[in-house]
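Have a look at the structure below before the remarks.
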Amino acid sequence: MEKVDNLDKKILNIIMRNARIASKDVAEECGVSRAAIHQRIQRLIEMNVITGSGYSVDPKALGYNTCTYIGVNLEKGSMYKDVVKALEKIPDVVECHCTTGPYALLVKLYVQDNHHLMNLINDRIFSIPGVTETETLISLEQSIDRQINIPVDED
C-alpha cells in the first residue's frame with residue numbers, strides 16, 4: 001500500500017477545513033502546481049484515504065432541533081447485524097456504532113421534538129427483534145465538530 005507523505009497530509013488538512021477550496025489555492029499554500037494537487041487528491045481517493053465528498057447540512061435548519069444518542073442493548077450480541085439493518089431503515093438515524101461498554105450499539109439520530117423521539121423509540125426501535133433496552137441521551141449542545149487532525153512532520 002502506498003504511503004501518505006507530508007504533502008498529502010498538508011493537502012488533507014487544507015481540504016478538510018474547506019472542501020470547496022480551489023485547487024490553485026491548495027497548490028499555492030503547499031508550494032506545488034495545481035496539477036500535482038489534482039493528482040495527489042485522485043491518488044488519495046483511490047487509496048480510500050478520502051472516502052467521500054459533499055455538503056454539511058444543519059439539521060436545525062430543516063426542523064430537526066434535537067440531536068439524540070440512544071444506547072441499545074440486545075437480547076444476544078450476535079443479533080447486532082440484523083438490528084443494524086433494521087436501524088438503517090429509519091431515516092432519522094444518522095450513525096450507528098457497535099460498542100464495548102454498557103451498550104451493544106450506540107445510535108445517533110436527529111428528531112424534531114420530544115414527541116417525535118418518543119415515537120421513534122416506542123414504535124420503531126423497540127419493534128426491532130432483539131432490542132431489549134434503550135437509554136436516551138439528549139445533546140444539549142455540540143461543543144466540538146471537526147475532522148481528525150493530521151500531524152505534518154516539519155521539513
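Please read these numbers as outputs of a predicted model, since none were measured by experiment. One is the number of the first residue; the rest follow in order along the sequence.
Placement of Y64 and V93 in two distinct hydrophobic clusters is found when ILVMFWY residues are connected by side-chain heavy-atom separations under 4.5 Å, directly or transitively. Clustering ILVMFWY residues whenever any of their side-chain heavy atoms sit less than 4.5 angstrom apart, transitively, puts I138 in the very cluster that holds L109. In this structure, L117 is not a member of the same hydrophobic cluster as L137, with clusters built from ILVMFWY side-chain heavy atoms closer than 4.5 Å. Linking Ile, Leu, Val, Met, Phe, Trp and Tyr residues whenever their side-chain heavy atoms come within less than 4.5 Å places F126 and I70 in a single cluster. Tracing side-chain contacts under 4.5 Å through hydrophobic residues (I, L, V, M, F, W, Y), one reaches V4 starting from I45; they form part of the same cluster.
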#### Entry: Full working for side chain to side chain contact (heavy atoms under 4.5 Å, CB included) between R20 and Y55
CA-CA 9 Å; R20 292 184 276 182; Y55 296 99; 3.6 Å; yes

### Query
Does the side chain to side chain contact (heavy atoms under 4.5 Å, CB included) test come out yes or no for C30 and L7, once each step is laid out?
CA-CA 7 Å; C30 292; L7 178 56; 3.7 Å; yes

### Message
Is there a side chain to side chain contact (heavy atoms under 4.5 Å, CB included) between I15 and V26? Walk through the geometry before answering.
### Response
CA-CA 8 Å; I15 64 175; V26 177; 4.2 Å; yes

### Query
Between H38 and R40, is a side chain to side chain contact (heavy atoms under 4.5 Å, CB included) present by the stated rule, with each step listed?
CA-CA 5 Å; H38 179 72; R40 293 288 185 126; over 6 Å; no

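Between D8 and R43, at least one side-chain nitrogen of the basic residue sits less than 4.0 Å from a carboxylate oxygen of the acidic one, meeting the salt-bridge criterion. A salt bridge between R17 and E29 is present, with a side-chain N of the basic residue lying under 4.0 Å from a carboxylate O of the acidic one.
Rounding to the nearest 0.5 Å places OH of Y103 at 14.0 Å from NE2 of H97. Here the straight-line distance linking atom CG of L120 with atom CD of Q112 works out to 9.5 Å at 0.5 Å rounding. The distance from atom OG1 of T136 to atom CE of M118, rounded to the nearest 0.5 Å, is 12.0 Å. Remark: I21 CD1 to M16 CE distance equals 12.5 Å, nearest 0.5 Å. Here the CD-CD1 distance, from Q142 to I144, works out to 9.5 Å after rounding to the nearest 0.5 Å. Here the CD1-CD1 distance, from I14 to I37, works out to 7.0 Å after rounding to the nearest 0.5 Å.
Within the 3.5 Å criterion, the main-chain N or O of D153 finds a donor-acceptor partner in the side chain of N6. Side-chain atoms of R124 come within 3.5 Å of backbone N or O of K89 as a donor-acceptor pair. Distance alone, capped at 3.5 Å, places no donor-acceptor pair between the N65 side chain and the V111 backbone.
T134 pairs in a side chain to side chain contact (heavy atoms under 4.5 Å, CB included) with only one of the listed residues (V107, N122, I121), which is I121.
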